**Student:** 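For reference, the structure I am asking about is given below.
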Amino acid sequence: MNDQELKQFRTRLTAMQGELRAVNESAAEDVKPVELDQSSVGRVSRMDAMQAQQMSLETARRREHLLVKIEGALRRIESGRFGRCFQCGEDIDIRRLGADPTITRCRACIESP
């Protein structure tokens with residue numbers, strides 16, 4: 001992989017990281033505790049709010065997981081290991097990295113038992 005390709009991946013990963021952090025900040029309101037005061041909110045509405053809160057928490061967890069993967073990919077770029085399979089050490093196809101720049105294994109290693 002040449003320097004231009006690495007620069008493009010770094011730019012893309014950094015942009016993804018910034019977008020996810022911005023979404024995390026704006027979604028912080030969605031995970032606040034649900035009020036238990038039945039006089040202001042009915043039981044069904046409260047249950048809907050609790051379900052929406054749980055879905056927001058799971059979405060936030062997934063965003064955090066993706067942020068960790070992005071940070072790992074950025075560290076691999078800095079260390080010169082980006083684009084190499086963790087398992088066999090071979091180069092990962094550039095098209096696979098284009099689809100998911102956080103990927104850590106080549107297709108052969110993913111498909112092998």
Side-chain angles (χ1 to χ4, degrees):
M1 185 174 313
N2 64 39
D3 289 339
Q4 181 64 26
E5 290 170 331
L6 282 174
K7 184 178 179 180
Q8 289 174 346
F9 280 116
R10 182 182 297 116
T11 301
R12 182 174 167 199
L13 287 162
T14 304
M16 288 169 61
Q17 186 180 44
E19 289 172 15
L20 285 171
R21 287 183 176 160
V23 170
N24 275 350
E25 289 175 15
S26 67
E29 187 73 24
D30 296 339
V31 295
K32 286 189 176 181
V34 176
E35 289 289 327
L36 296 179
D37 182 12
Q38 286 188 347
S39 63
S40 64
V41 178
R43 181 172 182 245
V44 173
S45 296
R46 191 178 68 232
M47 289 175 64
D48 286 342
M50 289 169 51
Q51 182 180 18
Q53 177 193 34
Q54 289 302 310
M55 290 187 313
S56 293
L57 285 169
E58 177 59 19
T59 302
R61 186 196 64 77
R62 289 178 186 202
R63 280 193 306 266
E64 286 298 323
H65 180 72
L66 183 54
L67 276 171
V68 168
K69 289 173 63 175
I70 289 170
E71 289 166 4
L74 289 170
R75 281 193 303 273
R76 288 191 301 279
I77 288 174
E78 296 303 318
S79 69
R81 294 180 294 137
F82 182 78
R84 292 217 170 254
C85 178
F86 274 9
Q87 197 166 344
C88 69
E90 294 294 320
D91 287 340
I92 299 172
D93 189 333
I94 193 85
R95 294 173 296 192
R96 283 180 56 76
L97 288 169
D100 182 2
T102 65
I103 203 158
T104 58
R105 294 188 298 160
C106 68
R107 184 174 178 176
C109 290
I110 288 174
E111 291 176 351
S112 67

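Being a predicted model, the structure only gives us computed values, none of them experimental.
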**Student:** For the pair Glu71 and Arg21, evaluate salt bridge (charged side-chain N to carboxylate O under 4.0 Å, His left out) and give the outcome as yes or no after the intermediate values.
**Tutor:** CA-CA 12 Å; Glu71 289 166 4; Arg21 287 183 176 160; 3.2 Å; yes
**Student:** Heavy-atom distance under 4.5 Å between the side chains of Ile110 and Gln87, does that happen here?
**Tutor:** no
**Student:** Using side-chain heavy atoms (C-beta onward) and a distance below 4.5 Å, is Thr59 in contact with Arg62?
**Tutor:** no
**Student:** Please collect all ring-ring contact (aromatic ring centres under 6.0 Å, His included) contacts where either partner lies in residues 93-113, sequence neighbours excluded, each pair once.
**Tutor:** none
**Student:** Between CZ of Arg63 and CG of Leu20, what distance do you get to the nearest 0.5 Å?
**Tutor:** 7.5 Å
**Student:** To the nearest 0.5 Å, what is the distance between CG on Asn2 and NZ on Lys7?
**Tutor:** 12.0 Å
**Student:** Rounded to the nearest 0.5 Å, how far apart are CZ of Arg10 and OG1 of Thr14?
**Tutor:** 7.5 Å
**Student:** Salt bridge check, Asp93 against Arg107: does any charged N sit closer than 4.0 Å to a carboxylate O?
**Tutor:** no
**Student:** Should Ile77 and Leu13 count as side-chain neighbours, where that means a heavy-atom distance under 4.5 Å?
**Tutor:** yes
**Student:** If you measure from the Lys or Arg side-chain nitrogens to the Asp or Glu carboxylate oxygens, is any gap between Glu58 and Arg61 under 4.0 Å?
**Tutor:** yes
**Student:** Are Val23 and Val68 connected into the same hydrophobic cluster when the rule is that any two of I, L, V, M, F, W, Y join if their side-chain heavy atoms are below 4.5 Å apart?
**Tutor:** no
**Student:** Under the side-chain contact (heavy atoms from CB on, under 4.5 Å) rule, what do Leu67 and Met16 come out as? Steps first, then yes or no, please.
**Tutor:** CA-CA 8 Å; Leu67 276 171; Met16 288 169 61; over 6 Å; no
**Student:** How close do Cys106 and Cys85 get, heavy atom to heavy atom, and via which atoms?
**Tutor:** N-SG, 3.4 Å
**Student:** Would you call Glu5 and Ile94 a side-chain contact if the rule is heavy atoms closer than 4.5 Å?
**Tutor:** yes
**Student:** Between Arg12 and Glu19, does any side-chain N to carboxylate O distance fall below 4.0 Å?
**Tutor:** no
**Student:** Distance check, rounded to the nearest 0.5 Å: Ile70 atom CD1 versus Leu74 atom CG?
**Tutor:** 7.5 Å
**Student:** If we only count heavy atoms from C-beta on, is the Ile103 to Lys69 side-chain gap below 4.5 Å?
**Tutor:** no
**Student:** Can you tell me if Arg84 uses its side chain to pair, donor with acceptor, with the backbone of Gly89 under 3.5 Å?
**Tutor:** yes
**Student:** If hydrophobic residues (ILVMFWY) are linked whenever their side-chain heavy atoms come closer than 4.5 Å, directly or via other members, who joins Phe86 in its cluster?
**Tutor:** none
**Student:** Return the CG to CD1 distance between Leu97 and Ile92, rounded to the nearest 0.5 Å.
**Tutor:** 5.0 Å
**Student:** In Å, rounded to the nearest 0.5 Å, how long is the span from CZ of Phe9 to CZ of Arg76?
**Tutor:** 11.5 Å
